[in-house]
Amino acid sequence: MVVVMAPDATDEQIAHVTERVEGVGGQAFVSRGVVRTIIGLVGDIESFHGLNLRTMPGVAAVHRISDPFKLVSRQHHPDRSTVWVGPAGHQVPIGPDTFTFIAGPCAVETASQTLEAAEMAKAAGASLLRGGAFKPRTSPYAFQGLGVKGLEILADVRETTGLPIVTEVVDARDVTVVAEHADMLQIGTRNMANFGLLQAAGESGKPVLLKRGMTATIEEWLMAAEYVAQRGNLDVVLCERGIRTFEPSTRNTLDISAVPVVQSISHLPIIVDPSHAGGRKDLVVPLSRAAIGVGADGVIVDVHPNPENALCDGPQALLGTELRELASAVRIMPPALGRVDAGERVRG
Ligand code: PEP
Ligand code: MN
């Protein structure tokens, strides 16, 4: 942490800052310039926060040098992590050496629709199945998902297809039941800063897919991941799913630069959701190609056997030609960038 003193700060004010820092066990290194004095602090940053240094007379600014997040930061964990998803005997990696293709319906509607979507996903090369049983809908009148019945359908479909399940949990009270059925808990954009839910997910024993809040900065997103990690769960995968901007042609704006930015400061894997980012099926293939090109560790995509009748997000669901195009991009592009398909690295 660095304290920048005002140009007219007095020697007493500088000494007062140093004394307070030393008073909480820190060290203060004063460096006097021609115009300003700056003080470098070494020690426990949280105890410095408690000093409210910014409010002290003569202090112009306080800057932090280290990341505010710790467990998910690359500063203390330089190697990028791999998170394993699935039951013992069939664990799919998400990490820096592989590319993980996740696909499935936005929502679990019926057993047959979920099975059909899962078979489409598998045929297209997906190694994990997505599908929402608890749906966080903007409108309380929209389809809210099948709840526990949906989880049971997902578990049956995992039996039939062998695809481990990624599904959303929207309420801390449901974490236990979701964790009993699913292989990975998704926390959606609307709940990224629901700290009680993050903590409960951190205690669930299951890996967590943490989507970026639609108005969250990267730092806020990583602080949310820190909440999960702090409860002893470092198996967190981040998902860039688009942020709100002034541009109305797409549902959200895919912040593609978030991928390399996150990878430079956090060791956690990061995947991209081109379906919820664009909200349009014609954008899913180009945005997936962009995600692969920028170095994402995977993509998560909506597919549906009958998008016209989908109860949720039909306009972005893939079927037919687009799904074949996506399958081919996912097969061809990652190997050209040195990544192996996650399905080939399943851990037994
Ligand atoms: C979803 O993946 O079904 C979903 C609701 O996504 P998001 O939270 O990104 O809107
Ligand atoms: Mn959706």
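Every value quoted in this text rests on a predicted model; they were computed, and no experiment measured them. Order of listing sets the numbers, starting from 1, for every ligand and every atom in it. For the single chain, residues carry numbers from 1 onward in sequence order.
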When you check the gap from the basic side-chain N to the acidic O, do R212 and D255 get nearer than 4.0 Å?
yes
Name of the H276 atom (N/O/S only) found closest to the Mn ion (ligand 2):
NE2
Rounded to the nearest 0.5 Å, how far does CD of Q91 lie from OG of S127?
13.0 Å
Hey, which residues fall under 4.0 Å of ligand 1 on heavy atoms?
C106, R130, K135, E168, Q186, G188, T189, R190, K211, R241, H276
Is any NZ, NE, NH1 or NH2 atom of the basic residue among D313 and K281 found under 4.0 Å from an Asp or Glu carboxylate oxygen of the other?
no
E226 side chain to L71 backbone, donor-acceptor under 3.5 Å
yes
Within a 6.0 Å radius of atom CD on E308, are there more than 12 heavy atoms belonging to other residues, nucleotides or ligands?
no
D313 atom (N/O/S) at minimal separation from the Mn ion (ligand 2)
OD2
Side chains of V2 and V62: does their closest heavy-atom pair fall under 4.5 Å?
no
For I102, which fellow cluster members are found when Ile, Leu, Val, Met, Phe, Trp and Tyr are connected by side-chain heavy-atom distances below 4.5 angstrom, either directly or through intermediates?
V83, V85, V92, I94, L128, V166, M184, L209, V237, I271, I300, V346
